[in-house]
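Just so we're on the same page: letters track the sequence lines, and every chain starts at 1.
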Number of protein chains: 2
Amino acid sequence: MPETLIRKLEHVAALSEQEKRVVIEAVVRTRDLRSDEDLIREGEQPAECHVILDGVLCRYKLLREGKRQITGFQITGDLCDLCGLLMGRMDHSVGTLTCATVGVIPHQTLRDIMECHPRLTRALWQETLIDASIAREWVTNIGRRTAYQRLAHLLCEMSVRLRAVGRITDGMSFEWLLTQSEVADAMGLSTVHVNRVLQQLRSQRLIVMQGDEIRVLDWDRLREAGGFTPDYLFLVQTLGKVEW
Amino acid sequence: MPETLIRKLEHVAALSEQEKRVVIEAVVRTRDLRSDEDLIREGEQPAECHVILDGVLCRYKLLREGKRQITGFQITGDLCDLCGLLMGRMDHSVGTLTCATVGVIPHQTLRDIMECHPRLTRALWQETLIDASIAREWVTNIGRRTAYQRLAHLLCEMSVRLRAVGRITDGMSFEWLLTQSEVADAMGLSTVHVNRVLQQLRSQRLIVMQGDEIRVLDWDRLREAGGFTPDYLFLVQTLGKVEW
DNA sequence: CGCCATATTGATCGGGGTCAACGGCTGTGG
DNA sequence: CCACAGCCGTTGACCCCGATCAATATGGCG
């Protein structure tokens with residue numbers, strides 16, 4: 001299972017066999033979560049970190065008025081609470097959107113790694129920087145794009161990220177278990193509008209939704225519609241310059 | 001000058017005298033920039049990092065249609081391009097909004113630090129995590145708050161950050177050299193609307209703008225209006241639990 | 001003094017929010 | 001096996017926040 005994390009870390013830097021072993025052994029146990037469960041809440045001071053082994057989680061913040069903003073989706077291979085280790089406190093919550101399995105890594109193990117394995121440390125740091133890069137792209141997406149562009153962009157991002165962790169079933173389909181209300185909270189839109197815009201994307205024949213799967217029918221037009229460039233995901237090393 | 005960086009790093013962790021010396025010596029020269037000048041552009045692969053010693057810079061992205069989104073403001077003490085070092089390539093541009101002075105740190109120096117000074121490395125990592133935290137807060141701000149709330153929130157953030165680096169002149173005033181168009185690009189709004197909302201904030205007697213200074217007249221109501229909580233800035237250690 | 005960037009104001013428009021109702025699916029309990 | 005509840009997706013009507021367009025101050029600067 002922790003291979004997913006290794007694959008992730010190797011996106012940005014090669015690891016030695018010894019380092020890989022350290023990563024694998026870092027996960028002391030796994031934990032199964034049901035849908036709509038919080039893994040960590042804003043303000044908490046956790047004693048362990050989590051790697052997602054399966055499922056979809058999200059980072060989110062709640063506003064006083066009861067609104068919610070999802071600030072990022074997390075999928076297989078993602079580390080979801082390194083900031084709990086480094087900063088000692090979470091600035092946001094992390095919760096599941098589907099049932100999920102996470103690997104547990106004690107903080108002490110990570111502290112040891114930071115002490116003894118500079119290359120691993122660097123790889124972990126890079127993961128957090130990619131996270132930051134995605135957050136900046138989301139600011140741009142929400143701040144300056146229309147709802148139609150935003151959703152196209154989100155679908156591109158998720159499609160590329162899911163591909164990078166082997167979650168694209170056939171050429172262009174991936175599992176999609178998010179509700180429209182969750183997508184709305186992520187994109188700064190209302191549920192109703194997400195519904196209408198998804199219909200547009202379908203009627204434009206950019207995607208089809210069949211059951212809990214989305215299939216991209218026309219990657220180029222979807223990318224164009226969202227103004228999507230995958231550079232900010234820093235995945236090129238593994239994927240190569242294939243079709244983007 | 002580099003004391004500003006030290007102060008920043010010490011916000012999150014104490015440093016030894018030796019570590020402080022390393023930081024001070026890391027800055028090999030300074031560079032003066034005029035207003036509206038790019039320090040680094042998206043896609044570039046820089047060979048040095050920069051600490052802001054004076055002035056205001058911003059991270060930004062340009063969209064195809066010519067729109068711009070500013071994803072964060074950078075002030076004295078901020079490191080603006082650590083991702084250039086770690087990721088090897090910038091996912092966004094950094095440019096000045098005022099004339100500015102930056103300290104230059106060669107990548108090689110930082111690589112040495114990452115090799116030999118785990119505590120310093122950790123402090124630098126924390127800086128990038130705070131940056132990410134701010135970006136997430138901006139996603140929330142832009143995604144789920146009205147223009148009025150957004151601007152109030154931005155003013156709170158800048159006010160707290162400027163205070164932390166000693167840029168609050170008297171009790172509640174700070175220099176404000178940003179144009180309304182720049183604020184608009186940061187908050188995902190139009191220039192016209194920023195103008196109107198700023199007028200509201202003034203007529204509500206939350207702030208006054210005199211020349212290139214903003215004075216907060218009623219911190220509590222401003223904070224309330226923006227739904228602002230400073231936790232995400234991770235500055236409590238230095239500021240203590242004073243008035244927030 | 002004239003130029004240019006920025007701030008301000010007014011008028012109009014439209015993207016997307018809000019409210020409300022309805023349909024479909026699933027799970028649950030009698 | 002069916003009735004019902006609850007969640008989610010869908011649709012329609014209406015409204016408003018904020019964009020857009022355009023014109024007019026304002027102020028620093030060569």
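Ion pairing of A:D185 with A:K67 is absent here, as no side-chain N (NZ or NE/NH1/NH2) approaches a carboxylate O to less than 4.0 Å.
In terms of heavy-atom proximity, B:P46 sits nearest to B:M90 at CD-CG, 4.3 Å. Shown here for B:M187 and B:L151, the closest heavy-atom pair between the two residues is CG-CD2, 3.7 Å.
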Once each nucleotide of nucleotides 15-28 of chain D is scored for protein heavy atoms under 4.0 Å, what B/S/- sequence comes out, 5' to 3'?
---BSBB-------
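One can place CD of B:Q210 at 17 Å from C1' of C:dA7, the figure rounded to the nearest angstrom.
Residue A:Q199 has a polar side-chain atom (N or O) positioned under 4.0 Å from OP1 or OP2 of D:dT11. In terms of phosphate contacts, B:N195 brings a side-chain nitrogen or oxygen within less than 4.0 Å of OP1 or OP2 of C:dT8. Phosphate contact (OP1/OP2 of C:dT8, side-chain N/O of B:R202, threshold under 4.0 Å): present.
Side chains of A:N141 and A:E137: no donor on one and acceptor on the other come within 3.5 Å.
Separation of atoms CG (A:L222) and CZ (A:F228) is listed at 9.0 Å; rounding is to 0.5 Å. Remark: B:D91 CG to A:T229 OG1 distance equals 11.5 Å, nearest 0.5 Å.
A:F73 pairs in a ring-ring contact (aromatic ring centres under 6.0 Å, His included) with only one of the listed residues (A:Y60, A:W176, A:W138), which is A:W138.
For the helix from C:dC1-D:dG30 to C:dG30-D:dC1, the angle separating the two terminal helix axes comes to 30°, with each axis derived from five pairs and the value rounded to 10°.
Using a 4.5 Å cut-off on side-chain heavy atoms (C-beta onward), A:L217 and A:V208 make contact.
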